[in-house]
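Notes follow once the structure below has been shown.
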Amino acid sequence: MLTNIVSLFLCIIIFSVSLIFRPIYAILVITFFLPMANRLVAFGDVRISFVALLIFSLFLGYTIKKRFTFSDPRRVRYKTLLLLVVTAIFISFGILVIRGLPYNIELLEANITQNVTNYLSAFIAGLIYYLIIVTETYCFEHIHLYVRIFVLTLFFLSVIYFLTNIIGITLPVFISPINIENIGGMQIATTISKEISVFDEVQFAGYIGYIENFAEYLFVLFVFGFVLITSSNRKKFYISMGVTCCILVLMFAVPTAIKAFPIMVALFILSQIILIKNNSVRIGLFLFLIIMGLVSFYMWDYLIETFFLKRLSIILVRYALLESPFDVLNLNDIVFLIGREDLITILSNIIGTGGIFGMGPVVVGFISGSSIPFHNFYYALYLNFGLFGFFIFITLFVRIIIDLIKTYIKANSSLKMTVLSFLLLFVLLLIEQIKVSMFRIPSGILMFWFVFAMIVCLVNIVIMEKNADKKIKGDLGV
């Protein structure tokens with residue numbers, strides 16, 4: 001009931017703001033609430049993320065104010081591919097309505113309507129969110145502002161964590177973070193308590209609700225913190241904000257206890273050291289690694305007992321079981337190392353069930369008893385949208401990476417590190433999707449579209465700057 005009331009109140013505010021003021025103000029409010037997108041509003045059997053409702057309210061006010069047109073549709077890149085994505089969704093939904101759910105598919109919800117409406121509303125809202133952000137972003141300062149607002153979500157979580165975990169104040173469930181206990185192979189959510197400890201097998205999941213997706217959120221924030229540090233033109237407040245963000249991310253990563261997170265951060269930092277040409281930033285990253293190494297060395301007796309390192313050591317245990325160090329090049333041993341042995345054995349089942357056009361836009365819990373689709377983004381895509389939709393998404397991802405590489409080459413020195421950061425963020429997230437799926441919860445879906453929008457805005461701005469430089473040189477006869 002509280003979620004419904006808060007959602008209605010915020011929807012009215014967002015609609016009013018989008019009608020009276022510039023859309024960017026409503027975009028900023030929605031961006032701040034993105035991590036809470038898993039708070040659902042219920043209308044009978046229909047389930048809709050309250051953030052999705054905010055986006056629909058923004059869209060309604062935006063289209064009325066703009067007379068049902070976007071400000072500058074030329075800014076929307078990949079229009080053909082996105083249209084094909086929408087087509088794949090409609091075809092998949094039609095197949096689900098006609099055929100029903102395949103016999104070998106199990107959902108986590110007892111009611112399929114709840115599953116479908118939650119998934120579809122978040123997906124459509126994310127696409128709308130992307131369209132509005134891209135058409136209303138005209139300069140890098142806007143991107144910087146979006147990044148700062150998203151970073152504030154972690155600061156807000158830190159304050160709430162302090163109030164609930166340290167002081168012991170009981171807050172409404174709507175704004176209370178979540179702890180996760182692994183019971184019978186399932187992640188069971190419990191409200192946060194004063195007993196949380198890095199030594200317990202109770203993992204912190206923030207507002208996201210799933211520890212793997214919370215780790216993705218933390219990784220995005222780590223990259224955003226780095227972007228603030230390296231792109232704030234020596235503005236001390238924003239640089240301090242970025243440093244604080246990175247520190248808080250690392251602090252929250254310990255009770256989250258996700259193995260993939262430190263690997264992603266390490267790959268990001270090492271890639272930056274190798275690829276960037278700014279020696280001061282490179283030295284700063286080296287100092288960061290040295291400090292982290294010294295802290296780990298002096299606190300090793302404490303850290304070795306944490307649940308985080310116990311989980312991380314699982315990879316070393318699995319590696320020791322391999323017959324040869326070079327076995328990591330073997331596909332079967334790779335899936336063994338990451339704890340996803342079903343990836344190969346269930347593949348034929350995925351292909352057969354997904355078919356050409358998919359089985360329907362749902363979040364699959366199990367297929368033939370295996371939970372792999374719930375933990376693998378690509379298998380989930382194939383099941384949802386079949387070969388047709390899977391090919392469209394892969395094409396879209398490849399196009400984004402190619403455009404980011406081209407943009408990195410073209411970008412001036414002030415934007416080069418930012419473009420590289422977003423390129424590494426996108427590539428590492430795609431690699432990590434082998435082990436988890438962003439599209440299994442509304443916050444993951446909306447965060448994907450948000451990052452996608454930031455990338456497209458960045459590409460557009462670099463292109464605009466290059467065109468402006470050419471025009472100036474042309475006018476000067478250079």
Side-chain angles (χ1 to χ4, degrees), residues 31 34-35 140-155 157-158 214-254 256 258 260-293 295 400-401 404-405 407-408 411-432 447-448 450-455 457-459 461-462:
T31 301
L34 271 188
F140 180 70
E141 285 69 26
H142 286 167
I143 296 177
H144 203 270
L145 181 57
Y146 297 142
V147 168
R148 296 200 304 268
I149 293 297
F150 197 72
V151 166
L152 285 179
T153 66
L154 182 64
F155 290 3
L157 175 62
S158 302
F214 183 62
E216 286 176 337
Y217 163 71
L218 290 178
F219 178 64
V220 171
L221 283 166
F222 184 86
V223 175
F224 280 10
F226 182 82
V227 168
L228 289 181
I229 295 169
T230 57
S231 67
S232 297
N233 296 322
R234 299 187 179 182
K235 293 180 180 178
K236 293 181 180 179
F237 178 77
Y238 296 146
I239 293 174
S240 300
M241 190 177 182
V243 171
T244 306
C245 174
C246 291
I247 293 172
L248 287 174
V249 163
L250 295 175
M251 289 175 62
F252 277 116
V254 176
T256 300
I258 287 297
F261 175 80
I263 297 173
M264 293 168 71
V265 169
L267 288 174
F268 177 81
I269 293 174
L270 291 174
S271 299
Q272 289 282 1
I273 290 173
I274 294 170
L275 297 173
I276 61 175
K277 298 180 180 179
N278 189 316
N279 287 329
S280 60
V281 175
R282 186 177 290 167
I283 292 171
L285 289 172
F286 270 121
L287 288 175
F288 172 79
L289 292 177
I290 291 171
I291 291 171
M292 291 300 297
V295 170
I400 294 170
I401 292 172
L404 275 172
I405 293 172
T407 304
Y408 174 71
N412 57 42
S413 56
S414 63
L415 289 178
K416 231 173 179 58
M417 273 192 292
T418 303
V419 176
L420 177 60
S421 296
F422 274 96
L423 173 60
L424 293 173
L425 169 64
F426 192 70
V427 170
L428 289 171
L429 280 178
L430 288 182
I431 293 172
E432 200 241 357
M447 190 168 69
F448 164 81
F450 175 66
V451 172
F452 181 31
M454 294 298 98
I455 289 171
C457 290
L458 194 57
V459 171
I461 288 164
V462 171

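By the neighbour-count criterion of 12 heavy atoms within 6.0 Å, atom CZ of Phe286 is sparsely surrounded, having that number or fewer from other residues, nucleotides or ligands.
Contact of the Val220 side chain with the Leu425 side chain is registered, since non-hydrogen atoms from C-beta on lie closer than 4.5 Å. At a threshold of 4.5 Å between non-hydrogen side-chain atoms, the residues Thr31 and Leu152 do not count as touching.
Once rounded to the nearest 0.5 Å, the distance linking CG of Asn278 with OG1 of Thr230 reads 8.5 Å. The distance from atom OG1 of Thr407 to atom NZ of Lys416, rounded to the nearest 0.5 Å, is 10.0 Å.
Put simply, the side chain of Asn279 never gets that close to the backbone of Arg282: no donor and acceptor are under 3.5 Å apart.
The shortest heavy-atom contact between Cys245 and Leu154 is O-CD2, 3.7 Å. Of all heavy-atom pairs between Ser414 and Thr418, the closest is O-OG1, 4.5 Å. Scanning both residues, Ser421 and Val223, for their nearest heavy atoms gives O-CG1, 3.8 Å. Taking all atoms of both residues into account, the shortest heavy-atom contact from Leu221 to Phe150 is CD2-O, 3.5 Å.
Checking Ser231 against Tyr238 by side-chain atom types alone, no donor-acceptor pair falls below 3.5 Å.
In this structure, Phe219 has no ring-ring contact (aromatic ring centres under 6.0 Å, His included) partners at least two apart in sequence or on a different chain. Not counting sequence neighbours, Phe222 has no partner by the ring-ring contact (aromatic ring centres under 6.0 Å, His included) test. Considering only residues two or more places apart in sequence or on other chains, Tyr408 meets the ring-ring contact (aromatic ring centres under 6.0 Å, His included) condition with none of them.
The aromatic rings of Phe224 and Phe422 sit tilted, their planes meeting at an angle between 30° and 60°.
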